[in-house]
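Heads up: the structure comes next, in structure tokens.
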Amino acid sequence: LTAHSGFVKAVASVYEDVKANIRNNIYDSTGHSMGSAEAQIFAYVYLIDTGIRPRHLITFGSPRWCIETADTPTSRYNEALDHLRVMNSNDVVSYLPTGDSSLMGMAKFGTVGASVGATVGAYAGGTGASIGASLGSLLGGAMGGMASGNYKHVGVGLLLTANKNAVIDIEGKEFQL
């Protein structure tokens, strides 16, 4: 597989120590946010290295870390490991890095940021919603611009959302929940 270099370096720095502390063929792997990306990479590398799969691999709020290429399809990971990935529709980390170009990422996250900012700002009342939308758009656009690349999620996704019958966009496809 091809993976985000920062996550790979983090796993490589602790791999031998963690490996030495797995005392039998049964282990569980979990993590949140950056730790979830690292838990996934560790589980895959450990499987390749030892032939041992985690009993449970469950991650929360994971950023995208796996880079889809013709030579390294994400199906290699999905066929090798049973992985449940839990994400919240309002958690921007789980949408980063994006598969969009920088300009598309800026537009996409600017829109998401404006929506989230307006929702948060509405609690302040008065002009809070418009200020929140402006700040959210600015911050979301900046994050989207920095988050380009052909990164993909791996594993089976479970998306949590606060709205019944919400329509969400996941990697260019609309889904009604």
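Side-chain atoms of R53 never come within 3.5 Å of backbone atoms of L47 as a donor-acceptor pair (strictly under, hydrogens ignored). The backbone N or O of L57 sits nowhere less than 3.5 Å from a side-chain atom of S29 that would complete a donor-acceptor pair.
Summarising the local packing, CG of D28 is surrounded by more than 12 heavy atoms from other residues, nucleotides or ligands at distances under 6.0 Å.
Contact of the D49 side chain with the Y15 side chain is registered, since non-hydrogen atoms from C-beta on lie closer than 4.5 Å.
Interatomic distance, I67 CD1 to S5 OG, rounded to the nearest 0.5 Å: 7.5 Å. With rounding to the nearest 0.5 Å, the separation of NZ in K19 from CG in D17 is 11.5 Å. One distance of note links CG of N25 with CD1 of I52; it measures 4.0 Å at 0.5 Å rounding. Atoms OG and CD, from S62 and E38 in turn, are 10.0 Å apart once rounded to the nearest 0.5 Å. Separating the CZ atom in R76 from the SG atom in C66 is a distance of 10.0 Å, to the nearest 0.5 Å. Rounding to the nearest 0.5 angstrom, the gap separating the CD1 atom in I58 from the CZ atom in R85 is 13.5 Å.
Centroid-to-centroid, the aromatic rings of Y44 and W65 stay 6.0 Å apart or farther.
Nearest heavy atoms, A39 versus T30: CB-O, 3.7 Å. Nearest approach of G31 to S36, heavy atoms of both residues: O-CB, 3.2 Å. Contact between V8 and A3 at its shortest, heavy atoms only, is CG2-CB, 3.6 Å. Here the closest heavy-atom approach between residue P73 and residue A70 is recorded as CD-O, 3.9 Å.
Checking each of Y46, Y27, F42 against P54 for a side-chain contact (heavy atoms from CB on, under 4.5 Å) leaves exactly one that passes, namely Y27.
Classification of the F7-H4 ring pair by plane angle, with boundaries at 30° and 60°, yields tilted.
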